[in-house]
Every structure is written in C-alpha cells, then in structure tokens.
There are 2 protein chains.
Amino acid sequence: MVDFILGIDGGGTGCRAALANSEGQVLGRGHSGAANIRTDLTGACAHIIEAANQALNAAGLDPELISHIPAVLGLAGTNIGPYRQQLQTLLPFRESRIESDAKIALEGAIGSHDGAIAIFGTGSVYMLRRNGVVSSTGGWGFQLGDQASGARLGRDLLEQTLLAYDDIIHASPLTRDIMAAFNNDPALLVEFTIDARPGDYGRFAPKLFDHAAQEDAVAQFIIGKAVADIEAVLNTLNLHENEPLCLLGGLAELYAPLLGPRYQALLQKPKGDALSGALHIAKRSFSHQPASERGENT
Amino acid sequence: MVDFILGIDGGGTGCRAALANSEGQVLGRGHSGAANIRTDLTGACAHIIEAANQALNAAGLDPELISHIPAVLGLAGTNIGPYRQQLQTLLPFRESRIESDAKIALEGAIGSHDGAIAIFGTGSVYMLRRNGVVSSTGGWGFQLGDQASGARLGRDLLEQTLLAYDDIIHASPLTRDIMAAFNNDPALLVEFTIDARPGDYGRFAPKLFDHAAQEDAVAQFIIGKAVADIEAVLNTLNLHENEPLCLLGGLAELYAPLLGPRYQALLQKPKGDALSGALHIAKRSFSHQPASERGENT
C-alpha cells in the first residue's frame, strides 16, 4: 500500500512541492528556488529535494521517509537533452516520474479528460489531450519559437521602437515611452540586449496590452500578429466542441478576450494549478488500482 | 609635413592595416585578429597594433616610428558605449581618428561624394552622405535590428522550420533539409540556439537565396520579407538620382538582383574597400591641405 505521494512543480523561478495521502489530500507543502533542469541540473535537484523536505516537515513526517515516497515531477527543460535521465539517478524518491511542466499544467487545468491548454508566460507552449493521448506544439524557446509569449512580445516592441527611431515606421505613444525609458538613446536599447534574459523582454508585455486597448498603432500591430500566431496554432489543433481550452500563464487573461468567437466558445477556467496536476498524476500512477484504470497513456 | 599615414579596418573577424605615403600610395600591409572594441577592447587594441606593426615592417620602416604616424581607424562596435574614448587612450599612433566600420566602408565605396551604402553581412546597416553630412540607419544588432542581415535570415529560417515541424505552416524542401541537418530532432535546433552567435545563424543565409531561386515557398517568404524590409529603409532615405547606392557585404550580390527597378537604377559597384576608405579619410585629414579642402564634415 502507498501511504504518501509527492507532487513537484519546478520552473525557472521556483519549485513547489506538495505531500498528499493516497487519497490526494494535501498534508504539507514546500517551496524553494528555480528548478529548470536544462539550465542548472544540480541546482534544480537541490531545490527539488529542499521543497520535498519542507513538505514532509510541514506534514510532521521523518525526513528519512523521503526514500519511501514516490513522486511525480513536472519540470521546465525536460524536452531537451539528456537532463531528464541524469536527474532520475540523482533523486532520492522511491520512484520518480518526470514530466514536462506543461504536462502537469494540462492535468491540473483539465483533469484527465480530453482538451487543450495554451500557456502564455515568458515562453509559450500548447498541450492537447485527444483520445487520451497527449501531444505538445511549440515551446521551442525565445530565439526560434514561443510566438506570442511575453518575451517575444517584448522583443517585437523593442524592434519596432528602433524602427520608429530610424523613421522606418511611424512612432506611437508607446514607442516614444520606450525610447524615453532608454533615455532616448538607441545604444542603450542595444546594451540592454547584451545580458537580457527572456524574462527581461517579457516585462514589457503587459504595457503592450494596455496600449493596444488605447489604440496605439504599434501595440495593436504587435498584439494583432501575436493573436494571429495563436489562432494559427489553435486552427492546427482542430479542437472539437467537447474539448475545452484553458489559457494559462501570466498573459492568459490578457489574450482571452482577443480570441475569435470559435475559441471564446471553448474557453474554460482551469480546474487547478500545475502542482495539483502533478498530484493527480501521482495518485493515478502510484495508487493500487488495477492497471486498466490507470490511464497510463495520459 | 606628414610622411606616412595609416588606415585600419577592424571587424569582428579580423583587422587589416595599410601604411601609405602622403599621396595615399600603399607601402605595406598587415593583418591580424578580431577588432570589435565593444566585445573585447583589450584584444582589439592588441590586434590593431599588431596589424599596424606588420604594415610598418612590410614597408621596411622602424617600428618605433609608429608614434609619429597618424591613423584613421574604422572599427566595429564604435556606436555603443564608452569604448571609443577608452581605445583613444591606449593607441600608440601620433593621432588616432576612430570611425565606425560603416563610415570607412562608405568612404571606400563612394569616395567623398554624396550617396549611400547598405551593408548586408552577418549584420546590416545603411550609411547616407547627403550634402557632405553622413548619417546612419539601422545597425542595432541581431536581437532588435539588423533586418535582412544574414543572422536574421538564418534565425527566420530556423523559426519557420520549427513551425513546419509543428504543422503550423507547410513544410518545404528547404525546411525538410534543415530538419534533416538537425537529425529531424527539434530539440537539437533549440540546443543550437544556446551558444549560437549571430554568425552561426548567418551561415544558413546563402542556402535561403539558392532555394528561393528554386521557388521554395518558405525561402521565398523569408527573402521576400527581407527585400521589403530593405526597400522600406531605402524609401526612407529618399535617394536622389545623383546619389549612387552601393550594396556591400557577403549578401550584397544576392540581394542586388532582387531590388525593385527604382533601386536597380541607382546601384553602382563600390570604388574600393573599407581599408581604402580609411586611407582616403587619413589622407584628407592629415595631409597639409588648406582646411577648406579637407571636407572635415564628411
């Protein structure tokens, strides 16, 4: 019999853990630093263990028990390279099931049914579950993908701002704001790019939605292109009427009202967050149900 | 009387020097490593001195003479930050006039008359001389500018390739080639971006022109957008009939036949290279002509 399960949600800014009993009832929680296994495997592993230990501690359990508890981990950076296999060998749990952060977000948002999520944060990615089979689209990062993400919106805005500075396009209130924020010196924008991480570009994104609502032409151009990029992906997913669509991430609420009526009709509020999704998968994977009920292909 | 002048052309891949007499006749040449003063000021300075010493040596001059010879330097990275002032204090020449690499390229290509150049290499930048006054457009680097440059073309190609992989756009022979070069694994494209420099993206550019000529739809889309970006800048420059336009850089010959008839009519072969431009400016700046003939504002 499994007494306890762990869910872990690890991303680029922090790692959360939840300890639950075999019914899925949360007994303790923990929180620590970043856990992107691609950018820092050792640090991610340390933060995962730290958050898990906190959760055990909050539940009043002996930390030694950690090696007897199975865990489902949803982590950033699992889709690239050998990091997932390397992490497996480093984790102290009885058994570790490592999923992408997007996979546990899907489970948290729509449960184990068919449907889709689209995550718009610093990056962007789409997950679809159809007939129980999960597939992902996008999520290829700031340089080559992540269309409509905060980072891409920010980069587009700074590019258009420099085009306006050079009189290639018309300046707008927003591009003038941005130039003023950089002391009206284009060289400072270029300096910004030298060390800027995607998250640094992403900080300009909310301003874009504000100005688009005020009919700023440059903001409307950039947001309009992003919405078209989103709908191009959604069109490819070819969602059915009984497949709900949840938008997640920091820009979800900003994009939701801008989608066309076809997708408005499919929009649903997410049932729960990614950490609850990790616990759902853990409960399904590690409880002593007959294998046929486990839905292992989800 | 000035006996000798030095011209220096320093860029991201190498530094060239030419020693000339006061008539501009080249007596010796030198060549050394990269001289981008923004990315490596100390290394750039060492390479500049090395190339200059080689040029003196090739001309049979005592290296001690270096402190008696004035130089015009055209260097990458002069438009950003305090590096130009810092370099001034480190150089051994009698007098150092530091210009952008684009400025000496303009002088080399069209001499001291009015006209424009557009440089399409790893980056892109436009220089215009009108009524003797020089201005530049673009050149803001890979992340936010350099539209139609090799690096931006390469990045666009890899982005479209991933969109084709995800079935958001139709794949083409070129996107299939690129996927095959990355072992049909999108994760390897993402890995490529982690350490890729603009020049690494730029290596994909010639392939794009080849495939566009073979009517590859994705290549034609990317090149078509780049040509539109170029013409948007040229339209802004509002070139007159008597203002020649030279295309420079590794992609110049590839873009030239794609421009519209208005710009085809203005195209001219460059008179000389950037190093000859540095020598021209040196001759004008440091020869003992009456000030009225020096054209100091060019």
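First the proteins, then the strands, lettered A, B, ... as listed; each starts at 1.
Heavy-atom neighbours of chain B within the stretch residues 163-174 of chain A, taken at a separation under 4.5 angstrom, comprise A/Leu163, A/Tyr165, A/Asp166, A/Asp167, A/Ile168. Taking non-hydrogen atoms and a 4.5 Å limit, the residue list of residues 148-160 of chain B in contact with chain A, ordered by number, reads B/Arg152, B/Arg155, B/Leu158, B/Glu159.
Proximity to chain A (any heavy atom under 4.5 Å) is shown, for B/Phe192, by neither the backbone nor the side chain. Only the side chain of A/Tyr201 comes within contact range of chain B, with at least one heavy atom under 4.5 Å from a heavy atom of that chain.
Atom CZ of A/Arg262 sits in a crowded spot, with more than 12 heavy atoms from other residues, nucleotides or ligands closer than 6.0 Å.
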TODO: Mind running side chain to side chain contact (heavy atoms under 4.5 Å, CB included) on A/Leu144 and B/Val190 for me, showing each step along the way?
DONE: CA-CA 7 Å; A/Leu144 304 181; B/Val190 180; 5.8 Å; no
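Annotation for A/Trp140 and B/Ala187: closest pair CZ3-N, 4.4 Å, computed over non-hydrogen atoms.
Most heavy-atom pairs under 4.5 Å with chain A: of the set B/Leu237, B/Thr193, B/Asn235, this distinction falls to B/Thr193.
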